[in-house]
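Here is the structure we will look at, set down as structure tokens.
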Amino acid sequence: MRGEAVSQREIASLLMVDPFSSDAEKINKYAFDVGYCAAKGKMHVFGQIGVDNSVCPVNCKYCAFALDNFRLQGEFSERLKLRIAEHNKCSKLSSEEFIYHLHSFNEAKVDAVSLMGTAALPFNEYLDFVVTARNILNPEIGVIVNYRDMTLDDLSRLKVAGATCVYHSLRIREGEITGANPNLRRQTIKNVKLIRFDLMNGVEPVWEPFDEALAMDIADRILEVASNNPWATGVCGLCEVDGINFEGKTPSVERVQLVASILRLVCGLKVPLGCVGGVAWVDAGQDPRERGYSDSREHIIRETEKARAAMSSKGWHLY
């Protein structure tokens, strides 16, 4: 990790370090110093609004919105198709709810707001959310696209509508435990860069039990993330939700931090944000993680202030 190329196997061997050990503590400390320098010590708080909870055909095994997980809760029949269609008709946030959340994030003075939509949401409906967000959010607040695979034309229209950044990643075991096409995911990332959006991506999801095979897969993703030269990156642990059929379990905070630290060391100073603190997210709206807490304006403002205070206590400064 001194600037020369590092191999998948070398990264995997670091990932197998006990995340509760003194060796992991040293890795985390070194990574923090690198990440703090890359970000110039500036903190960021991002808002996120889940704009729909449609039953999604991409079928990520770990997602509460997946079609197969929806089937687990219902009968296998033609009536199920009707039930899914009826559900999807009313799955979007209402205009009133969406605008309420946008005004809340304005008041909280977040740095950007991510609009998270399922792959089942039609593009024009997602585009309408972006247009509304850009019209309501303060000019200094960015609009982050978090959506399905997109063509150059899709991304061009989103940029004209006022989006400033795109979150898109090739997830762990993409195409094996998800219904997404890895080549399409990669092509979307190329398209994002061709349209000159800021790119956010990361390594997700990390789960337990953690073994050498998973470490090799994560190491492969770390190398790919670093090669994409994103503006911001990070690591997301699996969030368990009810009613799904996936063997993975939520990892410890220490496990996720070790993976993030190693990602930061591979990215070095080239990637400005992420992995070691200095970035926080405040959620509202529909959410596949079933987080189960309020998204009132008071809650959003309070959580934003708490995030800034926590980062400030660790030496981060306002952006």
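Val271 and Pro230 get closest at one heavy-atom pair: CG1-O, 3.4 Å. The two atoms that bring Gly202 and Val225 nearest to each other are O-CG2, 3.6 Å, heavy atoms only. Considering all non-hydrogen atoms of both residues, Tyr167 and Ile144 come closest at N-CG2, 4.1 Å. The minimum heavy-atom distance between Gln8 and Asp220, with the atom names listed, is NE2-CB, 3.6 Å. In this structure, Ser252 and Phe20 approach most closely via the heavy-atom pair OG-CZ, 3.9 Å. Summarising the geometry of Pro57 relative to Leu67, their closest heavy-atom pair is CA-CB, 4.4 Å, with the distance given to 0.1 Å.
Using cut-offs of 30° and 60° for the angle between ring planes, the Tyr62 and Phe246 rings count as perpendicular. Note: Phe129 and Phe98 have perpendicular aromatic rings, judged against thresholds of 30 and 60 degrees for the angle between ring planes. Between His317 and Tyr36, the two ring planes are perpendicular [angle over 60°; tilted spans 30° to 60°].
Using a 4.5 Å heavy-atom cutoff, the side chains of Val203 and Cys236 are not in contact. Using a 4.5 Å heavy-atom threshold, the side chains of Met43 and Leu318 count as touching. Residues Val45 and Val282 are in side-chain contact: their nearest non-hydrogen atoms beyond the backbone lie under 4.5 Å apart. Within the 4.5 Å cutoff, no side-chain heavy atoms of Val113 are placed close to those of Phe46. Between His103 and Glu107, every side-chain heavy-atom pair lies at or beyond the 4.5 Å cut-off. Phe123 has its side chain within reach of Arg157: a pair of non-hydrogen atoms, C-beta onward, lies under 4.5 Å apart. Counting only heavy atoms from C-beta outward, the side chains of Leu15 and Leu258 never approach each other to under 4.5 Å. Within the 4.5 Å cutoff, side-chain heavy atoms of Leu158 are placed close to those of Met150.
With hydrogens and angles left out, the side-chain atoms of Glu10 and Ser7 include a donor and acceptor closer than 3.5 Å. Neither side chain, Gln187 nor Asn183, offers a donor N or O lying under 3.5 Å from an acceptor on the other. A side-chain donor-acceptor contact under 3.5 Å links Gln257 and Ser261. Counted by atom type alone, Asn28 and Arg264 present zero donor-acceptor pairs between their side chains at under 3.5 Å. The closest side-chain donor-acceptor pair between Asp52 and Ser54 falls under 3.5 angstrom.
Formation of a donor-acceptor pair under 3.5 Å by the Lys159 side chain with backbone atoms of Ile195 is found in this model. Looking at Lys42, its side chain never comes within 3.5 Å of a backbone N or O of Gly278 through a donor-acceptor pair. Between the side chain of Asn53 and the backbone N or O of Lys92 there is no donor-acceptor pair closer than 3.5 Å. Listed for the Thr164 side chain is a donor-acceptor partner under 3.5 Å among the backbone atoms of Val143. Using a distance-only test at 3.5 Å, with no hydrogens or angles considered, a donor-acceptor pair links the side chain of Asp211 to the main chain of Leu214. Listed for the Gln48 side chain is no donor-acceptor partner under 3.5 Å among the backbone atoms of Asp283. Side chain of Tyr147 to main chain of Leu121: a donor-acceptor pair is present (N/O by atom type, distance under 3.5 Å, no hydrogens or angles). At least one donor-acceptor pair under 3.5 Å links the side chain of Asp295 to the backbone N or O of Gly285. The backbone N or O of Ala66 sits nowhere less than 3.5 Å from a side-chain atom of Asn59 that would complete a donor-acceptor pair.
Hydrophobic clustering (ILVMFWY, side-chain heavy atoms < 4.5 Å, transitive): Leu127 and Val160 are in distinct clusters. At a threshold of 4.5 Å between side-chain heavy atoms, the hydrophobic network of Ile, Leu, Val, Met, Phe, Trp and Tyr places Val256 and Tyr30 in one connected group. Note on Ile301: it does not cluster hydrophobically with Leu137, by side-chain heavy-atom contacts below 4.5 Å among ILVMFWY residues. In terms of hydrophobic clustering, with Ile, Leu, Val, Met, Phe, Trp and Tyr side chains grouped at heavy-atom distances under 4.5 Å, Ile177 and Met216 are assigned to different clusters. The same ILVMFWY cluster, assembled from side-chain heavy atoms under 4.5 Å apart, contains both Tyr126 and Ile99.
Note that CG of Leu273 is 9.5 Å distant from CG of Asp198, once rounded to the nearest 0.5 Å. Note that CD of Glu140 and CG of Asp111 are 9.5 Å apart. Values are rounded to the nearest 0.5 Å. Between atom CD1 of residue Ile300 and atom OH of residue Tyr100 there is a gap of 7.0 Å, rounded to the nearest 0.5 Å. Summarising the geometry, atom CD1 belonging to Ile136 is positioned 8.0 Å from atom CG belonging to Asn106; distances are rounded to the nearest 0.5 Å. Atom-to-atom distance recorded for Thr188:OG1 and His168:NE2 is 4.0 Å, nearest 0.5 angstrom. If you take CG on Asn229 and NZ on Lys270, they are separated by 4.5 Å, rounding to the nearest 0.5 Å.
Taking the charged nitrogens against the carboxylate oxygens, Asp154 and Arg148 do have a contact shorter than 4.0 Å, which makes a salt bridge. At a threshold of 4.0 Å, the pair Glu305-Arg308 does not count as salt-bridged, since none of the basic side-chain nitrogens sits closer than that to a carboxylate oxygen. The pair Arg171-Glu174 meets the salt-bridge criterion, with a side-chain N (NZ, NE, NH1 or NH2) lying under 4.0 Å from an Asp/Glu carboxylate O. Using a 4.0 Å cut-off between a side-chain N of Lys or Arg and a carboxylate O of Asp or Glu, Arg173 and Asp217 qualify as a salt bridge. Here Glu224 pairs with Arg186 in a salt bridge; the nearest charged N to carboxylate O distance falls below 4.0 Å.
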Exercise for the section: Apply side chain to side chain contact (heavy atoms under 4.5 Å, CB included) to Val266 and Val6, showing your working. Expected result: CA-CA 8 Å; Val266 174; Val6 61; 4.3 Å; yes

Practice task
Using the side chain to side chain contact (heavy atoms under 4.5 Å, CB included) rule, take Arg255 and Val206 through it: C-alpha gap first, then chi angles, then the decisive distance, then the call.
Solution key: CA-CA 9 Å; Arg255 171 73 68 193; Val206 174; 4.2 Å; yes

Exercise for the section: Give the intermediate values and the outcome of side chain to side chain contact (heavy atoms under 4.5 Å, CB included) for residues Leu269 and Cys37. Expected result: CA-CA 7 Å; Leu269 297 172; Cys37 182; 4.0 Å; yes

Handout entry: Asn201 vs Arg185, side chain to side chain donor-acceptor pair (under 3.5 Å): CA-CA, chis, key distance, verdict
Key = CA-CA 11 Å; Asn201 68 1; Arg185 302 291 291 188; over 6 Å; no

Exercise for the section: Carefully, step by step, assess His101 and Arg297 under the rule side chain to side chain contact (heavy atoms under 4.5 Å, CB included). Expected result: CA-CA 7 Å; His101 295 324; Arg297 186 169 303 184; over 6 Å; no

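Checked against ring pair (Phe, Tyr, Trp, His ring centres under 6.0 Å), Phe105 has no partners two or more places apart in sequence or in another chain.
Within a 6.0 Å radius of NZ in Lys193, other residues, nucleotides and ligands contribute more than 12 heavy atoms. The number of heavy atoms from other shown groups lying within 6.0 Å of CD (Glu125) is above 12.
Between Ile218 and the choices Val259, Leu263, Ile262, the side chain to side chain contact (heavy atoms under 4.5 Å, CB included) rule is met once, by Val259.
If you look at Trp316 and Phe32, their ring centroids are closer than 6.0 Å.
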